[in-house]
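The model shown is predicted, which means the values in this text are computed figures rather than measured ones. All values below come from the heavy atoms of this structure, side chains included, with hydrogens, waters and symmetry mates left out.
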Amino acid sequence: IDKIKVQIKTRFPGMESVKNHFSFLEPRNIINSSAKNIMENCLKLREKDPEVFSDRFDIQFIQVIIIHYLNMISLKI
């Protein structure tokens with residue numbers, strides 16, 4: 001049990017950090033956020049790891065949201 005407690009304590013901060021960095025990508029958060037807020041979060045994410053996220057990540061992500069939204073409208077979902 002002690003080993004499990006230690007593992008939970010050491011793993012939880014890492015999981016919390018991941019949640020904090022990527023939570024804006026959750027559908028419920030996208031729906032409730034403005035485009036400006038989403039772009040700001042994309043820029044923050046890109047700044048944290050520029051080797052993974054391109055300079056155009058914010059624009060590309062907004063485009064994906066728009067395309068998905070338009071598809072939902074056309075399918076009347």
Side-chain angles (χ1 to χ4, degrees):
I1 293 179
D2 289 336
K3 194 182 262 188
I4 292 171
K5 286 182 182 179
V6 170
Q7 287 180 351
I8 288 173
K9 286 181 182 180
T10 58
R11 290 181 187 181
F12 184 74
M15 292 173 62
E16 187 69 23
S17 175
V18 169
K19 180 186 153 269
N20 290 338
H21 288 115
F22 294 98
S23 65
F24 77 95
L25 298 173
E26 294 179 33
R28 65 185 160 100
N29 292 334
I30 291 171
I31 290 169
N32 295 321
S33 295
S34 66
K36 180 182 176 186
N37 190 349
I38 292 169
M39 290 183 74
E40 287 171 355
N41 283 307
C42 286
L43 289 171
K44 288 178 190 175
L45 190 59
R46 188 183 68 189
E47 288 171 1
K48 289 180 193 279
D49 203 344
E51 292 180 15
V52 174
F53 299 99
S54 75
D55 292 342
R56 310 239 335 124
F57 174 67
D58 52 334
I59 301 298
Q60 292 168 339
F61 190 72
I62 292 293
Q63 289 172 337
V64 167
I65 292 170
I66 291 169
I67 291 167
H68 183 66
Y69 178 75
L70 293 174
N71 284 336
M72 287 175 43
I73 290 173
S74 70
L75 296 172
K76 297 180 182 180
I77 294 177

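- Considering every non-hydrogen atom in both S54 and R46, the closest pair reads O-CD, 2.8 Å.
- The closest donor-acceptor contact from the side chain of N41 to the backbone of N37 lies under 3.5 Å.
- The hydrophobic clustering, which links ILVMFWY residues whose side-chain heavy atoms are closer than 4.5 Å, places L70 and I62 together.
- The closest side-chain heavy-atom distance from I30 to F61 is below 4.5 Å.
- Shortest non-hydrogen contact noted between S23 and N29 is O-ND2, 2.6 Å.
- Within the 4.5 Å cutoff, the side chain of F57 has no heavy atoms near those of the V52 side chain.
- The hydrophobic clustering, which links ILVMFWY residues whose side-chain heavy atoms are closer than 4.5 Å, places V64 and I59 apart.
- M39 CE to K36 NZ: the interatomic distance, rounded to the nearest 0.5 Å, is 11.0 Å.
- Ring orientation note: the planes of F53 and F22 are tilted relative to one another, at an angle of 30° to 60°.
- Listed for the D58 side chain is no donor-acceptor partner under 3.5 Å among the backbone atoms of C42.
- D55 CG to L43 CG: the interatomic distance, rounded to the nearest 0.5 Å, is 10.0 Å.
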